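This report refers to the structure that appears directly beneath it.
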Amino acid sequence: MTTRKTQQAPILVTGVAGFIGFHTATRLLERGERVIGLDNVNDYYDVRLKKARLAKLKPFKQFTFTKIDLADRVKMHRLFATQSIAKVVHLAAQAGVRHSIDHPHAYVDANLEGFVNVLEGCRHHGCGHLVYASSSSVYGANTKLPFSVGDKTDHPVSLYAATKKANELIAYSYSHLYRLPVTGLRFFTIYGPRGRPDMAIFMFTKAILEGKAIKLFNHGRMRRDFTYIDDVSNVVLKIVDLAPRAGEAGVAPAQVYNVGNRRPEDLMHVVKVMEKELGREAVKEMLPMQPGDVLETFADIGDLARDVGFKPQTSIEDGIRSFVAWYRDYHRI
């Protein structure tokens, strides 16, 4: 583990015990950055997985962990006031489209109030670049494919999507008012080792190995732009180093990118790949469309390819193989 940059100002990674946060922090640490990891380690899903991720980060001498809830204004202010934070990678959020239907206040607390607390910290304490997680869910009811960052995103079909759209608007306003460089990343169905238990690849793997039914909404007639975590963490590191600049005529230093695989997969094909990798057939429960879901996601990543050379490298077959290998090892199967 390298210690090349021990004296430099740290990068704050929120949601560091989460899936993308863990992988991003790992990559930053491996290249010699100092990282302050923030997480409230809530029980939205199995806390043991979050603690296992943190255990992998603690051996890095340049890593510091702080347990804070984003919505705690006093503690967030103190964190920024006492640390010379160079940049922020804000990946913490209350996730889950379906969960937002029954737990709306959790999304307001974390995704709106918590997000403003991060922006206020950046505004008042000289942060050079805020990179934050948005979501492909902002495209909502859009039917034009592929989804482009230039498309209108005025019809969210879940509260989670609405909070992510609000994040983009609030971030732009701060960027305009205070010339704060901000970059939003609309993630498209991220999967891979140490992934979230509430995501399809994880849930399907668990159910198939246990001989339980997998739930296929809209009778399996759905398509998703599955994006492998290594491709995602690679591009996040490049984006961290690419702070947008203010343009002419008062244009804010703000940017938004799609982060996807640019190749949507049929859900039934994904299930077949998993069946082959796991060596057993899935029990399938065909269900109608779930409220808050969309039929298809498909990312136009032209801007990201142009600006940082983003080119996803991982096929769905290779990605699922890596995930299943991790899953078997983690659960000792």
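Heavy atoms only: backbone and side chains are in, while hydrogens, waters and symmetry mates are out. Fair warning: this is a prediction, and the values are worked out from it, not measured in the lab.
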Checklist entry - When the ring planes of His99 and His103 are compared, do they come out parallel, tilted or perpendicular, using 30° and 60° as the limits? => result parallel

Checklist entry - Angle class for the His331/Tyr327 ring planes (parallel below 30°, perpendicular above 60°, tilted otherwise)? => result tilted

Report yes if the side chains of [X] and [Y] come closer than 4.5 Å at any heavy-atom pair, otherwise no.
X	Y	value
Thr205	Met274	yes
Val270	Phe226	yes
Asn258	Phe187	no
Thr26	Lys56	no
Phe204	Val271	yes
Thr297	Thr189	yes
Val256	Tyr132	yes
Ile36	Thr66	yes

Next on the checklist: Any carboxylate oxygen within less than 4.0 angstrom of a Lys/Arg side-chain nitrogen, looking at Asp72 and Arg78?
Outcome noted: no

Item to check | Carboxylate-amine/guanidinium contact Lys152 Asp154, below 4.0 Å | outcome: no

May I ask you to decide if [Y]'s main-chain N or O and [X]'s side chain share a donor-acceptor pair within less than 3.5 Å?
X	Y	result
Asn142	Lys144	no
His23	Pro193	yes
Ser175	Ala171	no
Tyr107	Ala95	yes
Asn40	Ile68	no
Arg179	His176	yes
Asn42	Tyr44	yes
Asp318	Thr314	no
Glu277	Glu275	no
Arg53	Arg194	yes

Item to check | Criterion side-chain contact (heavy atoms from CB on, under 4.5 Å) on Asn167 and Leu112, from CA distance to verdict | outcome: CA-CA 7 Å; Asn167 286 171; Leu112 298 180; 4.2 Å; yes

Next on the checklist: Run the side-chain contact (heavy atoms from CB on, under 4.5 Å) test on Lys87 and Leu12 for me, step by step, so that the C-alpha distance in whole Å, both residues' side-chain angles and the decisive distance to 0.1 Å come before the verdict.
Outcome noted: CA-CA 6 Å; Lys87 300 172 184 177; Leu12 174 65; over 6 Å; no

Looking at [X] and [Y], what are the two nearest heavy atoms and their distance?
X	Y	value
Ala71	Asp109	CB-O, 3.7 Å
Pro288	Phe217	O-CD2, 3.3 Å
Ala110	Leu70	O-CD1, 4.0 Å

Give a yes or no on whether [X] and [Y] share a hydrophobic cluster (residues Ile, Leu, Val, Met, Phe, Trp, Tyr; joining criterion: side-chain heavy atoms under 4.5 Å apart).
X	Y	answer
Val138	Leu145	yes
Leu29	Val235	yes
Tyr330	Met199	no
Val88	Leu185	no
Tyr178	Val116	yes

Next on the checklist: Quick one, Asp266 with Arg224, criterion salt bridge (Lys or Arg N to Asp or Glu O under 4.0 Å). Give me CA distance, side-chain angles, the key distance, then yes/no.
Outcome noted: CA-CA 7 Å; Asp266 290 325; Arg224 288 291 182 271; over 6 Å; no

Item to check | Intermediate values then yes/no, ring-ring contact (aromatic ring centres under 6.0 Å, His included), Phe80 and His124 | outcome: CA-CA 8 Å; Phe80 278 94; His124 289 292; 9.9 Å; no

Decide whether a cation-pi geometry holds between [X] and [Y]; the criteria are a distance under 6.0 Å from NZ or CZ to the six-membered ring centre and an angle within 45° of the ring axis.
X	Y	result
Lys238	Phe310	no
Arg262	Phe188	no
Arg196	Phe19	no

Take atom [atom1] in [X]; do more than 12 heavy atoms of anything else shown fall under 6.0 Å from it?
X	atom1	result
His125	NE2	yes
Glu281	CD	no
Arg263	CZ	no
His155	NE2	no
Arg306	CZ	yes
Lys284	NZ	yes

Item to check | From CA spacing to verdict: salt bridge (Lys or Arg N to Asp or Glu O under 4.0 Å), Glu120, Arg123 | outcome: CA-CA 5 Å; Glu120 280 288 286; Arg123 168 197 171 191; 3.1 Å; yes

Checklist entry - Could you walk me through whether Glu168 and Arg186 pass the salt bridge (Lys or Arg N to Asp or Glu O under 4.0 Å) check? => result CA-CA 10 Å; Glu168 294 182 5; Arg186 293 176 178 172; 2.7 Å; yes

Checklist entry - For Asp307 and Tyr257, what are the C-alpha separation, side-chain angles and deciding distance, and is it a side chain to side chain donor-acceptor pair (under 3.5 Å)? => result CA-CA 10 Å; Asp307 292 348; Tyr257 293 107; 2.6 Å; yes

Next on the checklist: Evaluate Asn111 against Thr163 for side chain to side chain donor-acceptor pair (under 3.5 Å), listing each step before the verdict.
Outcome noted: CA-CA 6 Å; Asn111 299 5; Thr163 63; 3.1 Å; yes

Item to check | Steps toward salt bridge (Lys or Arg N to Asp or Glu O under 4.0 Å) verdict (Arg321, Glu317) | outcome: CA-CA 6 Å; Arg321 184 176 304 114; Glu317 291 79 10; over 6 Å; no

Checklist entry - What do the steps show when you test Lys61 against Phe63 for side-chain contact (heavy atoms from CB on, under 4.5 Å), and what is the final call? => result CA-CA 6 Å; Lys61 293 181 180 179; Phe63 176 70; over 6 Å; no

Checklist entry - Between Tyr191 and Phe323, does the ring centre distance come in under 6.0 Å? => result no

Next on the checklist: Please determine whether side chain to side chain donor-acceptor pair (under 3.5 Å) holds for the pair Thr153 and Lys165, giving the CA-CA distance in whole Å, both sets of side-chain angles, and the decisive distance to 0.1 Å.
Outcome noted: CA-CA 8 Å; Thr153 51; Lys165 173 62 176 180; 2.6 Å; yes

Next on the checklist: Using 0.5 Å steps for rounding, measure from the CD1 atom of Ile208 to the NZ atom of Lys206.
Outcome noted: 12.5 Å

Item to check | Trace of the side-chain contact (heavy atoms from CB on, under 4.5 Å) decision for Arg48 with Lys50 | outcome: CA-CA 5 Å; Arg48 290 174 297 179; Lys50 297 182 179 183; over 6 Å; no

